[in-house]
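Reading through the structure tokens given below for one structure.
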Number of protein chains: 2
Amino acid sequence: MGTAIGEGETRKPPGMTDVAQAAGVSPQTVSRVLSGHANVRPETRARVLAAVERLGYRKNSAARILSSGRSRTIGVVNLQTAFYSRLNLTFGIENAARAAGYSVSIASTASLDTSAVEEALSRLADQSVEGVILAIPLIHVSPRIEQLTGSLPTVTVDGSRTPASEVVAIDQSQAARLATRHLLDLGHETVWHVSGPGEWLDAVNRIDGWRETLEAEGRTVPPILKGDWSPSSGYRNGLILGRIPEVTAVFAASDEMAFGVIRALHELGRRVPQDISVIGVDDIALAEYCSPSLTTVAQPFEEMGTLAVDHLLRHINEPGAAHEPTSVEPELVVRASTAPVGAASGTH
Amino acid sequence: MGTAIGEGETRKPPGMTDVAQAAGVSPQTVSRVLSGHANVRPETRARVLAAVERLGYRKNSAARILSSGRSRTIGVVNLQTAFYSRLNLTFGIENAARAAGYSVSIASTASLDTSAVEEALSRLADQSVEGVILAIPLIHVSPRIEQLTGSLPTVTVDGSRTPASEVVAIDQSQAARLATRHLLDLGHETVWHVSGPGEWLDAVNRIDGWRETLEAEGRTVPPILKGDWSPSSGYRNGLILGRIPEVTAVFAASDEMAFGVIRALHELGRRVPQDISVIGVDDIALAEYCSPSLTTVAQPFEEMGTLAVDHLLRHINEPGAAHEPTSVEPELVVRASTAPVGAASGTH
DNA sequence: AGAACTATTGGCATCGATAACATTCTCTGC
DNA sequence: GCAGAGAATGTTATCGATGCCAATAGTTCT
């Protein structure tokens, strides 16, 4: 308005009607071509595609969703913390979904508060996702969460459960058993544990696996040191562990905490692995490249993401069918932060 | 069908019409209440809200988008690699967008291939996003990319440009200058550089900043060692650097590479920081907790995400206005991996 | 050749919300 | 007491694609 000479101007993008007109067919036929329907003469199809190309037509997903009632989108509830490991889970989900022709909508929540989680789920529901993957540990399932997940196919990937959700998980107690047994096999009398926060099912399961393994072998079960997954919590606990002479083996519930522990031990003059062996969980990219390189238990996160999508889509497409929980196995990766007890090379 | 007793059954979710009926008003009034329109009697509003609550009404965003023409969604193109740093960028974007009432749709691409990027942009365009944040380095801007971004408000956050896009960036050459000068200030004769891959503008800018600083001081500019951001590429280059006696200071273009370098030096028996100082860029969470803790240049990624969203929304809401590029400043964080030259404490 | 199909295509209603316009109602001010 | 402004609410058309059903064209079979 006013002096504008009206350059380009945002002219309305073409719709199916326009394409249909350009190709000399009905909009319906255009729709059939675009959704890959079978019964269309090759020649007609070609003509339509040409018109699509020429006009630069792009499908309007809002209209498609409204009309068809299917959004071809799945939602993921994620925790907004920079845990390396979780990232791969999301990638696995994205790739698997894309391969199946679905898109992914992510709702991150900054905390595990019931209300924050509700809000995230709510956002997803508003986007009419066809199903949800809960990639967070649900401690307390509020009525509202139950209601939201109840009306939507849901898969949880951390072992927590809501009524009517499927579970895909990494066997965390197995991860803990692998770690603990590895240290016992190296001749350590017992294994100390720096755990994750109690609200995380992963953390609890790892504690269980660790304790069971020790008990099965008749070893003393030392008191647990609590961390919060962060390097700094590992450091804090490391400063404690390093002051206890009898400690020779530590199982940290995450690689990042393991690094913190190692650093603290180092500052206290206790060598890893000669004086104390430390093992983590996750196998982050840096595990191999810090000093010493970290022995850890690798978690197949990406694979788990794929699996979760498979389950979810099956659940979406054949509602009635019940599917049993699935779990994938972690794997021990031995590097340089663990050693046989008393392996001290020189000093002391 | 068959023996089913017909439990619950998926009855159609309520729509505005249902709510309107229940509240004894017209659908239009319901719409007004829900979109916070002013002219509604408080009593009516209350009645509507009660009905919404009672029926468990949820808005249908597809219908809303179709009808209003606005999706209130912005798209982000991300690279699907587990770089710690980028994660915070996404969080910053998500939070800022949410605060402004927008949702975020993420399209990850596994590579920087033109076709992969086109595909990602295409996916976003199909979701009728109102604008796009390109969080990837665009080397080659294909005609198709130009076309896609041309018709959509776009902000790039790594310094690369498309015609008609805005730029928000961290001043990478400044980051490099900080790092290089820090090492020179410590008395090192010159600084060697392990760079990022040439397709990344960040990497190129860091190289420039590094070179400029050296030249400004009249120092020799050593040959560049090329990495790919990964710890293993740092390690590989570290094995080379460690064999060159004159090397006393290394500037790695990322923390992860820095760790790789340090590990390699360690294996070659060269001590950090006594024999060689190493500095990184990013300030990842582990930087403080590895041994030695890493001196680095911190990048305010989250802030940058917020800024990018601000720009994008302004761009969306007032099309004509041109906004100038903005850049945010990195910050030097001194820890234990750098030391004055010749600071060797004991040995050798 | 006529019936019975099948492959292809078109017409129309519809999904659920909003925009634009029309209407009713309620106060002012003179 | 009545015109006129403005608030509150209702009516109708519309967004763009798909589902369902009908119509036409082309084939096969007896």
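Sequence lines set the chain letters: A, B, ... in the order given, protein chains first and strands last, and positions in each chain run from 1. Atoms considered below: every heavy atom in the structure, side chains included; atoms not considered: hydrogens, waters and symmetry mates.
As a whole-Å value, the separation of B/His37 NE2 from C/dA20 P is 12 Å. Between A/Met16 atom CE and C/dT9 atom C1' the separation is 15 Å, expressed in whole Å. For the pair A/Gln127 CD and C/dG16 P, the computed distance is 18 Å after rounding to whole Å. As a whole-Å value, the separation of A/Arg64 CZ from C/dG16 P is 18 Å. Look at CD1 on B/Ile65: it is 17 Å from C1' on D/dT14, rounded to the nearest Å. Residue B/Leu66 contributes atom CG, which lies 10 Å from atom C1' of C/dT18 at whole-angstrom precision.
Surrounding CD of A/Glu318 are more than 12 heavy atoms belonging to other residues, nucleotides or ligands, all under 6.0 Å away. Atom CD of A/Glu302 is surrounded by more than 12 heavy atoms from other residues, nucleotides or ligands within 6.0 Å. The local environment of CD in A/Glu118 is crowded, with over 12 non-hydrogen atoms from other residues, nucleotides or ligands closer than 6.0 Å.
Sorted by residue number, the members of residues 39-61 of chain B with any non-hydrogen atom under 4.0 Å from DNA chain D read B/Asn39, B/Val40, B/Arg41, B/Thr44. Near-neighbour residues of DNA chain D inside residues 17-28 of chain B, defined by a heavy atom below 4.0 Å, number-ordered: B/Val25, B/Ser26, B/Gln28.
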Start with the C-alpha gap between B/Glu94 and A/Ser108, add the side-chain angles, then the distance that decides, and say whether side-chain hydrogen bond (donor to acceptor under 3.5 Å, both in side chains) holds.
-> CA-CA 8 Å; B/Glu94 279 180 356; A/Ser108 309; 2.7 Å; yes
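Between A/Thr29 and C/dG10 there is a side-chain N or O to OP1 or OP2 distance below 4.0 Å. Contact annotation: B/Ser31 reaches the phosphate of C/dT18 (side-chain N/O to OP1 or OP2, under 4.0 Å). Residue A/Ser68 places none of its side-chain N or O atoms closer than 4.0 Å to OP1 or OP2 of C/dC15.
No side-chain heavy atom of A/Asn95 sits under 4.5 Å from any side-chain heavy atom of A/Thr306.
A salt bridge links B/Arg123 with B/Glu119: the closest approach of a Lys/Arg side-chain nitrogen to an acidic carboxylate oxygen falls below 4.0 angstrom. Salt bridge status for B/Arg72 with B/Glu130: absent, with no side-chain N to carboxylate O gap under 4.0 Å.
A donor-acceptor pair shorter than 3.5 Å cannot be found between the side chains of A/Gln127 and B/Ser61.
Here A/Leu124 contributes atom CG and A/Thr149 contributes atom OG1; the two are 12.0 Å apart, rounded to the nearest 0.5 Å.
Across its full length, the helix from C/dA1-D/dT30 to C/dC30-D/dG1 shows an angle of 30° between the axes of its 5 terminal pairs at either end, rounded to 10 degrees.
Between the side chain of A/Arg32 and the base of D/dG19 there is no donor-acceptor pair of N/O atoms closer than 3.5 Å.
Listed here is the closest heavy atom pair of A/Pro27 and A/Ala20: N-CB, 3.5 Å.
Test A/Leu307, A/Asp158, A/Leu312, A/Val309 against A/Val168 for side chain to side chain contact (heavy atoms under 4.5 Å, CB included) and you get one pass: A/Leu307.
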